[in-house]
There are 2 protein chains.
Amino acid sequence: MPVLLTDAQIAEGRARIVAVAERQAVELGLERLSMHGIARELGWSATALYRYFDNKDAILAAARTAAYDRLSDQLEAAMARPGDIWSRSREVGNAYVDFAFAHPEAYRLIFEFAQPGRGQYPELDAANARGRSNMIGYVEQMVAQGAVDADPVLLAHVFWAGLHGVVSLQMAGKLGPDAPPFETIRRDMVRRIIRSALGPTARRPIRNPAGEQR
Amino acid sequence: MPVLLTDAQIAEGRARIVAVAERQAVELGLERLSMHGIARELGWSATALYRYFDNKDAILAAARTAAYDRLSDQLEAAMARPGDIWSRSREVGNAYVDFAFAHPEAYRLIFEFAQPGRGQYPELDAANARGRSNMIGYVEQMVAQGAVDADPVLLAHVFWAGLHGVVSLQMAGKLGPDAPPFETIRRDMVRRIIRSALGPTARRPIRNPAGEQR
DNA sequence: GACGATAGATAACGGCGTTATCTGACGGAA
DNA sequence: TTCCGTCAGATAACGCCGTTATCTATCGTC
């Protein structure tokens with residue numbers, strides 16, 4: 001029998017490559033990522049990477065998947081904290097925004113306009129689905145507990161789009177010196193959407209006594 | 001005196017280059033734009049482009065500026081149509097979304113995360129400012145006419161971020177088959193924000209009798 | 001008609017993503 | 001122990017990229 005890389009060795013090689021890719025994305029910016037550069041840092045030839053990934057796009061897809069999973073980790077951790085549904089939802093929102101500004105390249109990888117099509121990278125599709133379910137879960141709980149009155153999936157997407165919109169404008173530098181500060185826009189956006197979902201039967205939240213984070 | 005390109009000739013050359021760049025951005029996608037490719041289509045050598053632009057980034061900045069100005073044209077045209085402030089505001093929103101899906105590469109150029117810093121390309125800064133004022137203008141009118149009750153600049157940015165958020169999620173392919181359709185999310189987002197701004201003194205809009213566009 | 005300046009071409013650089021080919025080390029069979 | 005098949009990874013090379021240095025040929029001016 002020939003000499004073969006075990007599955008574990010393949011996985012380790014892929015993990016090393018993705019780790020270096022993420023490091024360089026942070027250090028150099030996403031567009032300066034290169035096969036040659038990654039290989040250089042690993043002390044490999046550029047072509048060695050092709051034993052682990054089909055091409056550069058596949059490496060980017062793996063990095064995207066990792067980034068998305070890390071975001072989901074943060075959201076799930078925030079959701080798992082103690083507290084009523086209002087404070088936990090606020091935690092989820094804070095975790096989302098914190099992640100975006102703590103890891104802008106990861107956020108960019110996840111939400112950049114040019115994304116690989118569905119079905120091309122199944123693991124990326126799974127990470128997408130997991131992320132989406134995190135954006136929905138907390139609103140489902142709000143509805144289940146009677147805190148708000150709305151179609152949970154729709155309301156969750158409205159929240160998501162609202163949050164993503166403010167974050168994107170900020171990241172694209174569209175909130176210049178004359179615009180209200182990021183946090184003001186975000187707070188106002190969230191407050192307006194929440195208010196609109198407080199139907200006559202919904203139980204209203206108590207004003208946050210300690211002030212809001214961020 | 002030497003042979004010199006007149007200002008008009010410089011402007012014409014720049015315009016031709018940007019036009020080809022825009023064409024190729026649509027045809028090939030933004031990341032496949034190249035100096036060599038633009039020059040090839042013009043029948044020029046790649047280096048000839050450097051008589052008109054410092055580098056590729058400068059060409060991209062010019063294309064960005066043109067894209068932003070075209071968006072502003074559409075918004076201003078929508079705002080100038082006859083009708084009360086409600087219908088005109090709806091027209092502005094429709095124009096924004098229509099532009100995004102009619103010219104996704106232009107929208108991408110305008111709102112991509114990696115944007116040149118302020119002060120680097122004054123014309124781009126001007127296009128940014130003009131775009132921003134279009135996002136604010138119609139809300140200012142709403143407030144002035146007593147239609148809504150809010151800080152106009154803040155409310156305008158919330159609208160902008162909300163719209164941009166839905167459009168971005170859609171363009172990044174984040175609204176999969178299980179998500180509500182784009183138009184549903186957008187409508188719900190806009191309705192919620194509007195409702196939240198209908199203060200006690202605001203004059204409420206009449207329900208659109210003909211149904212909504214798009 | 002000669003000159004100076006310059007618009008644009010040519011040549012070349014290093015770096016990119018990728019393919020074809022080579023090499024050498026290893027596991028198993030004899 | 002020797003030999004062989006296999007494959008991980010290296011080398012070489014391709015065409016393309018953005019950019020710089022240099023050349024050339026054309027033009028307005030005198």
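The figures here come from the full heavy-atom set of this structure, side chains too, leaving out hydrogens, waters and symmetry mates. In what follows, chains are A, B, ... by sequence order, proteins preceding strands, each numbered from 1. Note that the structure is predicted; figures quoted are calculated from it, not measured.
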(message) Could you go through Glu41(B) and Arg23(B), starting from their C-alpha distance and side-chain angles, then the distance that decides it, and tell me whether this counts as side-chain contact (heavy atoms from CB on, under 4.5 Å)?
(response) CA-CA 10 Å; Glu41(B) 178 165 335; Arg23(B) 225 196 49 69; 2.8 Å; yes
(request) Answer with base, sugar-phosphate or nothing: what part of the nucleic acid does Arg40(B) contact at a heavy-atom distance below 4.0 Å? (result) sugar-phosphate
(request) Show your working on side-chain contact (heavy atoms from CB on, under 4.5 Å) between Trp44(B) and Ile17(B) and close with a plain yes or no. (result) CA-CA 11 Å; Trp44(B) 294 357; Ile17(B) 292 169; 4.0 Å; yes
(message) Would you say the ring centers of His157(A) and Phe182(B) fall short of 6.0 Å from each other?
(response) no
(request) Measure the distance from CD on Glu12(A) to P on dA8(D) and round it to the nearest whole Å. (result) 15 Å
Can I get a per-line list of side-chain donor-acceptor pairs under 3.5 Å for residues 109-117 of chain B, giving both atom names and the distance, sequence neighbours left out?
{"residue": "Glu112(B)", "atom": "OE2", "partner": "Arg108(B)", "partner atom": "NE", "Å": "3.0"}
{"residue": "Glu112(B)", "atom": "OE2", "partner": "Arg108(B)", "partner atom": "NH2", "Å": "3.4"}
{"residue": "Gln115(B)", "atom": "NE2", "partner": "Leu109(B)", "partner atom": "O", "Å": "3.0"}
{"residue": "Gln115(B)", "atom": "NE2", "partner": "Ile110(B)", "partner atom": "O", "Å": "2.7"}
{"residue": "Gln115(B)", "atom": "NE2", "partner": "Glu112(B)", "partner atom": "O", "Å": "2.9"}

(message) Suppose we screen for side-chain hydrogen bond (donor to acceptor under 3.5 Å, both in side chains). Which residues come up paired with Glu140(B), at least two apart in sequence or across chains?
(response) none
Dump the pairs, protein N or O against N or O of nucleotides 10-14 of chain C, anything under 3.5 Å, distances to one decimal.
{"residue": "dT10(C)", "atom": "O4", "partner": "Thr47(B)", "partner atom": "OG1", "Å": "3.0"}

(message) If you only use heavy atoms from C-beta on, which nucleotide in dG8(C), dC16(C), dT20(D) is closest to the side chain of Arg51(B)?
(response) dG8(C)
(message) So which atom in Phe53(B) and which in Ala62(B) form the shortest heavy-atom distance, rounded to 0.1 Å?
(response) CE2-CB, 3.8 Å
(request) Specify the separation, in whole Å, of atom OH of Tyr52(A) and atom P of dA10(D). (result) 9 Å
(message) Is Tyr50(B) close enough to dT19(D) that one of its side-chain N or O atoms is under 4.0 Å from OP1 or OP2 there?
(response) yes
(message) Can you give me the closest heavy-atom contact between Ala39(A) and Ala46(A), atom names plus distance?
(response) CB-CA, 3.5 Å
(request) Remember a base hit wins even if backbone is also touched, and classify Leu42(B) as base, sugar-phosphate or nothing at under 4.0 Å, heavy atoms. (result) nothing
(message) Between Glu22(B) and Arg70(B), is there a side-chain heavy-atom distance shorter than 4.5 Å?
(response) yes
(request) Scan residues 53-64 of chain A against DNA chain C and write down, sorted by residue number, each residue with any heavy atom closer than 4.0 Å; if none is found, say none. (result) Asn55(A), Lys56(A)
(request) Write out all pairs satisfying side chain to side chain donor-acceptor pair (under 3.5 Å) with one or both partners inside residues 55-65 of chain A, taking only residues at least two apart or from two chains. (result) none
(message) Heavy atoms within less than 4.0 Å of DNA chain C: which residues of residues 19-29 of chain A have one? Give them sorted by number.
(response) none
(request) May I have the distance from Arg32(B) (atom CZ) to dG17(C) (atom P), rounded to whole angstrom? (result) 14 Å
